[in-house]
Q: 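One structure, as structure tokens, below. Some questions next.
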Number of protein chains: 2
Amino acid sequence: MKKVSISDIARKAGVSVSTVSFVMNDKAVKMRISREVIEKVEHVAREMGYRPNQLARGLRTGKTKTIGLIVENISNAFFATLAKSIEDEAKRYDYKVVYCSTDNDEDKARDLINMLSQRQVDGYIITPTLNLADDIHKLQAENKPVILIDRYFPQHEEIPSVLVDNYEGVSRGMEALIAKGYRKIALVTIETEMAHMKDRLRAYCDVLKRHGIAEEHSRVKIIPYNSDHEKALEEVERLLSGAGTDIDAVFFLTNYLGVLGIEVIKKLRIKVPEQLAVICFDDNDIFRLYTPTISVIRQPVEEIGKKAMFALIERLRHSGEETYPVNIPVRLTADLVARESI
Amino acid sequence: MKKVSISDIARKAGVSVSTVSFVMNDKAVKMRISREVIEKVEHVAREMGYRPNQLARGLRTGKTKTIGLIVENISNAFFATLAKSIEDEAKRYDYKVVYCSTDNDEDKARDLINMLSQRQVDGYIITPTLNLADDIHKLQAENKPVILIDRYFPQHEEIPSVLVDNYEGVSRGMEALIAKGYRKIALVTIETEMAHMKDRLRAYCDVLKRHGIAEEHSRVKIIPYNSDHEKALEEVERLLSGAGTDIDAVFFLTNYLGVLGIEVIKKLRIKVPEQLAVICFDDNDIFRLYTPTISVIRQPVEEIGKKAMFALIERLRHSGEETYPVNIPVRLTADLVARESI
DNA sequence: GATACAGACTAAATCGTTTTAGCCAGGAAA
DNA sequence: TTTCCTGGCTAAAACGATTTAGTCTGTATC
């Protein structure tokens with residue numbers, strides 16, 4: 001069984017292709033098509049089960065009503081939730097979302113942008129990797145709006161972004177730890193040049209300095225990005241084995257690292273918070289349900305999705321009006337959710 | 001800056017559009033295009049940064065190199081992992097994936113199928129909802145292959161599916177509980193007519209019967225699908241408050257229910273496994289890291305994704321050969337991962 | 001009686017590819 | 001000299017929509 005096209009309907013209804021098109025696009029009245037013809041065409045279309053071919057439509061109009069979403073890894077809870085919120089929001093504006101994962105690989109990200117561009121998506125929401133600014137500029141030059149989420153390029157204000165104030169978030173967590181009397185605060189982060197992580201790290205250093213606490217090099221563990229699970233566990237284990245002596249608190253700078261940390265804490269049977277206070281950037285079911293419950297800096301994931309989608313739709317609407325005037329980066333707040341672990 | 005098309009290249013290279021097309025599709029040799037022309041065209045294409053328009057290509061060839069993936073909810077860990085494994089696998093075959101979530105809503109699922117169909121995806125991998133068989137038949141009639149995952153229609157063998165043997169999986173868990181001496185085993189499931197859940201429930205009943213244990217109605221809790229988090233918590237709490245007296249073990253039939261259960265167990269400070277043994281269908285980071293660790297029936301998620309993708313690609317390859325001969329449903333085994341909770 | 005205009009449509013170009021069916025020149029075979 | 005290849009390309013149709021610029025009829029206006 002073949003798909004029915006507009007001309008099949010035209011033939012069956014005894015009218016021209018144009019007439020059918022007008023009827024299907026609610027332009028019939030404007031085009032002064034008579035009531036009877038409209039009804040006839042609608043009837044035939046329904047009867048034959050007509051569904052417009054979006055490829056043809058997109059080719060002709062240049063609009064696919066599709067947006068590309070590039071995240072780091074769709075199987076990660078944070079990105080999966082983000083993706084769902086963007087999908088839901090997109091539906092409200094009658095857009096469809098195509099997702100893909102970069103695995104934080106620069107080349108893969110570039111490939112994905114190319115692939116989406118070839119598929120003529122109307123706009124992009126991107127969790128960028130390093131060195132992606134030029135590729136994004138190319139999209140913008142083609143008049144395709146791009147919104148960055150979760151990460152940003154501080155030196156490129158022309159690329160709008162929606163994310164939390166990472167510096168402020170980590171500062172909040174650090175202040176809470178210090179207020180509770182912890183002084184030997186360790187940090188676990190991931191090796192990257194991306195600004196959002198540097199902001200988090202900077203907050204750690206600044207808060208320590210502000211309180212006159214020396215920053216011990218041995219308390220900061222930087223996990224290389226593509227070290228496997230086992231290797232990363234070992235590294236964290238080395239750091240946390242000092243719990244109760246060298247360190248009295250630990251701040252995990254990402255969700256994934258926090259889960260890794262829990263695994264180590266469990267294995268080493270570290271008493272939280274007696275031997276070690278724990279706080280993690282970004283929430284997760286585990287942190288809420290672990291015993292003791294783990295304090296986190298919570299990102300408003302849904303809101304990031306909503307705001308990013310909104311920003312994109314705005315630009316899609318105003319597309320053609322040369323440069324969209326308002327390019328103010330959106331910064332949401334990441335709040336401390338204090339639980340039993342501190 | 002506009003996108004470059006094949007005819008821009010043709011003009012600049014001083015050849016015809018056809019020639020450019022042949023060169024870009026590695027048909028140049030077959031079409032006996034001379035070495036010099038090939039090189040010239042390739043050079044110009046590279047120089048202008050040519051990227052073929054997939055809409056146009058798809059319109060002409062009828063193939064979009066895209067497959068549609070419909071899951072229940074992309075923000076759920078199980079489906080997110082599944083999606084990632086399918087995305088990775090698809091890339092190996094040079095296909096792109098478009099995902100969407102049904103939220104287990106029949107009408108939404110239908111809409112999604114329509115939307116993907118309008119976008120001319122080449123094939124589908126679907127986590128079906130109830131009453132979707134007819135819509136899937138329509139896809140098959142249009143010669144679009146469909147593979148079901150996670151769920152299936154027992155009365156429709158013509159729709160191939162890839163999933164675990166749910167009956168066997170639950171049986172394994174039940175046998176393990178009984179072997180450990182538990183007799184008052186409760187069950188928490190979700191209200192649905194879908195066969196995969198009925199299989200799980202049936203296994204529970206059959207194993208009890210086989211061991212001569214009476215099935216107590218009060219020990220089976222069926223949560224309505226769209227009851228909110230709070231309501232579901234209450235229901236589970238009511239059941240689990242009997243821990244140590246009315247019941248000595250509980251089997252959660254889905255991941256989500258298990259997490260809900262953990263929340264209740266934590267709140268009621270139930271001692272696991274002393275007062276209550278716990279087992280859950282489908283693994284999750286929480287179960288591995290909770291104290292005590294929770295036993296699960298683990299589904300080979302990655303393998304489901306791989307096998308489903310493989311089955312789809314097979315059918316895509318053999319498309320046009322009328323009916324693809326082998327339609328044997330793929331059934332993987334779900335193994336018991338025994339942890340501290342039983 | 002010519003002009004205008006509204007009403008009800010349709011023809012044809014167009015979007016960017018792929019692909020079939022040729023065209024043309026030159027050399028070999030008959 | 002005609003016929004037949006063959007090598008090296010190109011023209012044009014087709015995919016399924018949208019959209020601009022008409023075409024006709026018939027009626028109202030001057």
Side-chain angles (χ1 to χ4, degrees), chain A residues 2-42 44-45 48-66 117-122 142-143, chain B residues 2-42 44-45 48-66 117-122 142-143:
Chain A
K2 282 291 297 158
K3 291 215 165 172
V4 287
S5 79
I6 217 171
S7 61
D8 295 327
I9 296 175
R11 203 170 313 119
K12 190 143 180 182
V15 297
S16 77
V17 168
S18 335
T19 304
V20 178
S21 174
F22 293 140
V23 174
M24 300 320 291
N25 291 285
D26 292 327
K27 294 199 175 130
V29 174
K30 204 173 89 194
M31 283 297 154
R32 287 164 290 168
I33 307 296
S34 68
R35 196 104 289 287
E36 314 100 83
V37 171
I38 293 180
E39 268 157 25
K40 167 128 209 186
V41 169
E42 278 173 347
V44 172
M48 302 181 76
Y50 171 68
R51 307 262 149 212
N53 179 326
Q54 291 293 345
L55 294 189
R57 201 192 277 235
L59 180 59
R60 177 62 232 245
T61 64
K63 305 262 152 261
T64 55
K65 283 282 183 183
T66 301
S117 153
Q118 289 184 203
R119 286 185 157 76
Q120 317 297 122
V121 301
D122 294 342
E142 286 170 10
N143 204 22
Chain B
K2 283 291 296 154
K3 291 214 166 176
V4 287
S5 78
I6 219 172
S7 61
D8 296 328
I9 296 174
R11 203 171 312 120
K12 191 142 178 184
V15 296
S16 77
V17 166
S18 337
T19 303
V20 177
S21 175
F22 293 140
V23 173
M24 300 320 290
N25 291 286
D26 292 328
K27 295 200 172 126
V29 174
K30 203 171 90 194
M31 283 297 154
R32 286 165 290 168
I33 308 295
S34 67
R35 196 100 295 284
E36 313 101 83
V37 172
I38 293 180
E39 268 156 25
K40 167 129 208 184
V41 169
E42 278 174 346
V44 172
M48 300 181 79
Y50 171 69
R51 306 264 148 212
N53 180 327
Q54 292 292 346
L55 294 190
R57 199 188 277 228
L59 180 58
R60 177 61 232 246
T61 63
K63 303 262 152 262
T64 55
K65 282 282 181 182
T66 301
S117 153
Q118 289 182 206
R119 285 185 158 77
Q120 318 296 122
V121 302
D122 294 342
E142 286 170 10
N143 204 21

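Throughout, protein chains are lettered first and strands after them, A, B, ... in sequence-line order, and every chain is numbered starting at 1.
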Q: Closest to the Met31(A) side chain: dT20(D), dT19(D), dA14(D)?
A: dT20(D)
Q: Return yes when atom NZ of Lys40(A) has more than 12 non-hydrogen atoms of other residues, nucleotides or ligands closer than 6.0 Å, and no otherwise.
A: no
Q: May I have the distance from Phe22(B) (atom CZ) to dT10(D) (atom C1'), rounded to whole angstrom?
A: 9 Å
Q: By nearest heavy atom, map Thr19(A) and Ser16(B) onto DNA chain D; which one lands nearer the 5' end?
A: Ser16(B)
Q: Please check if atom NZ in Lys65(B) has more than 12 non-hydrogen atoms from other residues, nucleotides or ligands closer than 6.0 Å.
A: yes
Q: Distance check needed: dG16(D) P versus Arg119(B) CZ, whole Å only.
A: 18 Å
Q: Could you tell me which non-hydrogen atom of Ala13(A) sits nearest to which non-hydrogen atom of Val44(A), and how far apart they are?
A: CB-CG2, 4.0 Å
Q: Can you tell me how far P of dG8(D) sits from CZ of Arg32(B), to the nearest Å?
A: 8 Å
Q: Rounded to whole angstrom units, what separation is found between the NZ atom of Lys27(B) and the C1' atom of dT10(D)?
A: 17 Å
Q: Any protein N or O atoms within reach of nucleotides 27-29 of chain D? Criterion: under 3.5 Å, listing atom names and distances.
A:
none

Q: Can you tell me the distance, in whole Å, between the CE atom of Met24(A) and the P atom of dT19(D)?
A: 15 Å
Q: Quick one: does any side-chain atom of Thr61(A) pair with a main-chain N or O of Arg57(A) as donor and acceptor, under 3.5 Å?
A: yes
Q: What nucleotide, of dA17(D), dC9(D), dC15(D), holds the atom closest to the side chain of Ala56(A)?
A: dA17(D)
Q: For the residue pair Glu142(A) and Lys3(B), establish whether any side-chain heavy-atom pair is separated by less than 4.5 Å.
A: yes
Q: What is the distance, rounded to the nearest whole Å, between atom OH of Tyr50(A) and atom P of dT18(D)?
A: 6 Å
Q: Please report the shortest heavy-atom distance between Leu55(B) and Thr64(A), naming the atom on each side.
A: CD1-CG2, 3.6 Å
Q: Out of curiosity, Asn53(A) CG to Leu59(B) CG, how far, rounded to the nearest 0.5 Å?
A: 6.0 Å
Q: Which two nucleotides bound the region of DNA chain C that has atoms under 4.0 Å from heavy atoms of chain A, read 5' to 3'?
A: dG7(C) to dG16(C)
Q: How long is the line joining CD1 of Ile38(B) and C1' of dT10(D), in whole Å?
A: 16 Å
